[in-house]
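So you know, we letter chains A, B, ... as the sequences are listed, proteins then strands, and number each from 1. Side chains included, hydrogens not; waters and symmetry mates left out as well; all remaining heavy atoms used.
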2 protein chains.
Amino acid sequence: MTDGIVERSRPRDRILETARDMFHKHGIKGVGVDAITEAAGTNKMTLYRHFESKDELIVECLRANAAKAGAMWDAFEAEFPGDKLAQLHAWVRKAAAMLNADGRGCDMANAAAELTEPDHPARLVIKELKEAQRERLVTLCRDAGIGQAELLADTLSLLLEGARVSVQTVGSEGPSTQFVRMAEGLIVSFRGAAAG
Amino acid sequence: MTDGIVERSRPRDRILETARDMFHKHGIKGVGVDAITEAAGTNKMTLYRHFESKDELIVECLRANAAKAGAMWDAFEAEFPGDKLAQLHAWVRKAAAMLNADGRGCDMANAAAELTEPDHPARLVIKELKEAQRERLVTLCRDAGIGQAELLADTLSLLLEGARVSVQTVGSEGPSTQFVRMAEGLIVSFRGAAAG
DNA sequence: TCTGGAAGTTACAGACCGGTAACACCCTAG
DNA sequence: CTAGGGTGTTACCGGTCTGTAACTTCCAGA
């Protein structure tokens with residue numbers, strides 16, 4: 001009922017969008033292809049004409065998620081053109097806002113928790129996409145004039161990733177409440193040591 | 001094959017231990033009760049004589065995990081009696097060691113990612129156990145003479161939780177390599193501000 | 001030795017899963 | 001108008017899942 005993204009568009013797009021939403025809410029193994037196609041207002045045969053398997057659909061959903069995240073980064077650049085430090089702070093604020101938005105963590109991390117087969121196709125793209133995001137955050141930190149850019153970027157990554165799972169386990173009143181405070185504090189602290 | 005904890009002990013214990021191991025390795029929805037009982041050298045009927053459902057078995061496994069974690073804390077106290085700061089550093093070292101031990105993250109976090117039904121019995125105990133662990137870490141920080149004990153404890157929690165999911169997504173060569181460095185640095189930094 | 005309960009065995013129910021086959025439909029491009 | 005490709009429909013396959021019933025076997029304690 002709550003899953004009903006059935007706007008009229010091409011079936012493939014509806015399936016992809018619906019699957020993204022349902023995987024996010026109910027987990028990957030918690031959603032069957034029948035449920036997806038029904039919520040997408042189509043049927044199983046059409047799904048299998050566009051995706052060769054559920055695994056491929058999963059991969060496409062992860063890629064679509066990453067594309068959306070990438071668009072967010074572009075929005076920061078558009079909002080604060082050239083001001084990398086402002087973009088970094090915007091990233092922190094956005095991350096914090098998404099933390100409290102819904103109690104589900106990062107789709108890639110959740111997928112990695114569910115899909116334990118070491119050679120599952122999704123594991124490859126998760127690693128690939130996470131590494132790309134890491135690279136992007138490192139670059140942003142470096143361009144913001146921070147000396148130990150990798151260290152700050154990785155620390156911010158860990159904090160955010162941790163905050164996401166914390167929200168998922170104990171809710172938004174737990175340790176995740178400290179995310180913004182710590183992230184901002186770290187940025188300031190690393191800025192101070194920038195000359196080094 | 002790799003799952004074969006069939007030492008001769010009472011069936012209930014074997015089932016619990018085997019289930020813990022298999023849930024950890026393959027995820028909860030990735031393991032059926034048949035597979036558990038077979039690996040435990042028993043059968044499904046015996047499982048259902050000791051646990052009223054798979055969900056209850058899951059809950060018991062989570063509690064057993066928490067008990068093992070609690071024993072680890074006791075070991076710190078035994079190793080460094082009264083020296084809370086040494087215990088805190090031991091906690092960091094132990095956490096780091098476990099990070100690289102296996103590529104699977106925290107069982108509770110993984111369970112929370114898999115079991116999305118908001119009223120699933122496991123979600124209650126996950127929250128309860130995580131909150132207990134948080135309390136314990138806060139107490140340890142406070143007893144170690146750290147002023148902003150809650151802030152440090154929560155930050156360390158987020159870092160560890162994040163490191164665990166990072167290992168699960170990009171492997172042990174990713175941002176998680178910075179965990180010890182950041183954790184130790186934070187402890188030193190908070191110690192310095194202890195007088196405040 | 002006898003007995004009672006725990007454990008093992010086999011079979012099954014009912015539901016759901018991913019994936020496929022065969023066929024009818026509809027809408028648009030020519 | 002017509003041809004053809006994308007789509008919808010129905011039914012099905014083989015497998016797996018949680019959970020149960022009915023029965024046998026085993027073993028420890030009295």
Side-chain angles (χ1 to χ4, degrees), chain A residues 1 3-20 22-23 25-62 110-111 114-117 119-123, chain B residues 1 3-20 22-23 25-62 110-111 114-117 119-123:
Chain A
M1 285 300 160
D3 314 307
I5 308 177
V6 199
E7 345 105 7
R8 283 296 108 182
S9 55
R10 297 162 76 198
R12 188 183 194 280
D13 298 335
R14 275 181 287 149
I15 291 171
L16 200 58
E17 200 64 19
T18 307
R20 280 204 325 127
M22 295 182 75
F23 286 155
K25 285 182 188 162
H26 312 298
I28 291 175
K29 297 199 178 175
V31 177
V33 292
D34 271 316
I36 294 171
T37 54
E38 189 190 329
T42 176
N43 54 72
K44 197 156 50 169
M45 272 313 301
T46 300
L47 186 153
Y48 280 103
R49 287 187 190 110
H50 290 288
F51 305 92
E52 75 170 7
S53 66
K54 185 185 180 183
D55 282 349
E56 193 193 283
L57 174 61
I58 294 167
V59 166
E60 290 307 310
C61 286
L62 292 174
N110 288 345
E114 283 197 82
L115 309 174
T116 63
E117 307 96 317
D119 57 346
H120 193 289
R123 297 199 69 86
Chain B
M1 287 299 162
D3 313 307
I5 308 177
V6 199
E7 346 105 6
R8 282 298 108 181
S9 56
R10 296 161 78 199
R12 188 183 194 279
D13 299 335
R14 276 181 286 150
I15 290 171
L16 200 58
E17 200 64 18
T18 307
R20 279 203 326 125
M22 295 182 75
F23 285 155
K25 286 181 187 161
H26 313 298
I28 290 175
K29 298 199 178 175
V31 177
V33 291
D34 271 318
I36 293 171
T37 54
E38 188 190 330
T42 177
N43 54 74
K44 195 157 50 171
M45 271 315 300
T46 300
L47 187 151
Y48 280 103
R49 284 188 193 109
H50 290 286
F51 305 93
E52 76 170 7
S53 65
K54 184 185 181 182
D55 282 348
E56 192 194 284
L57 174 60
I58 294 167
V59 166
E60 291 306 310
C61 286
L62 293 174
N110 288 345
E114 283 196 81
L115 309 174
T116 63
E117 306 96 319
D119 58 347
H120 193 289
R123 298 200 68 87

List every contact pair, protein side and nucleotides 21-28 of chain D side both N or O, where the distance is under 3.5 Å.
none

For nucleotides 16-19 of chain C, list the nitrogen or oxygen atoms of the protein found under 3.5 Å from its nitrogen or oxygen atoms, one pair per line.
unit_1 : atom_1 : unit_2  : atom_2 : d
C:dG18 : OP1    : A:Lys54 : NZ     : 2.7
C:dG18 : OP2    : A:Val33 : N      : 2.8
C:dG19 : OP2    : A:Tyr48 : OH     : 2.6
C:dG19 : OP2    : A:Lys54 : N      : 2.8
C:dG19 : O5'    : A:Tyr48 : OH     : 3.4
C:dG19 : N7     : A:Lys44 : NZ     : 2.9
C:dG19 : O6     : A:Lys44 : NZ     : 2.4

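In this view, B:Asn43 and B:Met45, B:Thr46 satisfy the side-chain contact (heavy atoms from CB on, under 4.5 Å) rule, not counting sequence neighbours. In terms of the side-chain contact (heavy atoms from CB on, under 4.5 Å) criterion, residue partners of B:Tyr48 (sequence neighbours excluded) are, by chain and number, B:Val33, B:Lys44. Every residue two or more places apart in sequence or in another chain that forms a salt bridge (Lys or Arg N to Asp or Glu O under 4.0 Å) with A:Arg20 is listed here: A:Glu17.
Residue B:Ile36 contributes atom CD1, which lies 10 Å from atom P of D:dC17 at whole-angstrom precision. For the pair B:Arg10 CZ and C:dG5 C1', the computed distance is 13 Å after rounding to whole Å. Rounded to whole Å, the distance from CG on A:Asn43 to P on D:dA11 is 14 Å. The nearest whole Å value for the distance from the CD1 atom in B:Ile15 to the C1' atom in C:dA6 is 12 Å. C:dA6 atom P lies 15 Å from atom CZ of B:Arg14, rounded to whole Å. The distance from atom CG of B:Leu57 to atom P of D:dC17 is 15 Å, rounded to the nearest whole Å. Between B:Leu47 atom CG and C:dG8 atom P the separation is 11 Å, expressed in whole Å. The CZ atom of A:Phe51 sits 11 Å away from the P atom of D:dT7 (whole-angstrom rounding).
With a 4.5 Å cut-off on side-chain heavy atoms, A:Leu16 and A:Arg12 count as touching.
Applying the salt bridge (Lys or Arg N to Asp or Glu O under 4.0 Å) rule to pairs touching residues 47-61 of chain B yields nothing, sequence neighbours excluded.
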### Query
Given the rule in the side chain to side chain contact (heavy atoms under 4.5 Å, CB included) test, do A:Leu115 and A:Ile58 qualify, once you have shown the distances and angles that lead to the verdict?
CA-CA 11 Å; A:Leu115 309 174; A:Ile58 294 167; 4.3 Å; yes
### Task
Output, in order, the C-alpha distance, side-chain angles, deciding distance and verdict of side chain to side chain contact (heavy atoms under 4.5 Å, CB included) for B:Leu62 and B:Phe23.
CA-CA 10 Å; B:Leu62 293 174; B:Phe23 285 155; over 6 Å; no
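The listed nucleotides are D:dT7, D:dG8, C:dA7; the one nearest the side chain of A:Thr42 is D:dG8.
The shortest distance between the side-chain N/O atoms of A:Thr46 and the OP1/OP2 oxygens of D:dG8 is below 4.0 Å. Remark: A:His50 is not in phosphate contact with D:dG6, judged by side-chain N or O atoms under 4.0 Å from OP1 or OP2.
Rounded to the nearest 0.5 angstrom, A:Thr37 OG1 and A:Arg14 CZ are separated by 11.0 Å. Atom-to-atom distance recorded for B:Thr42:OG1 and B:Ile15:CD1 is 5.0 Å, nearest 0.5 angstrom.
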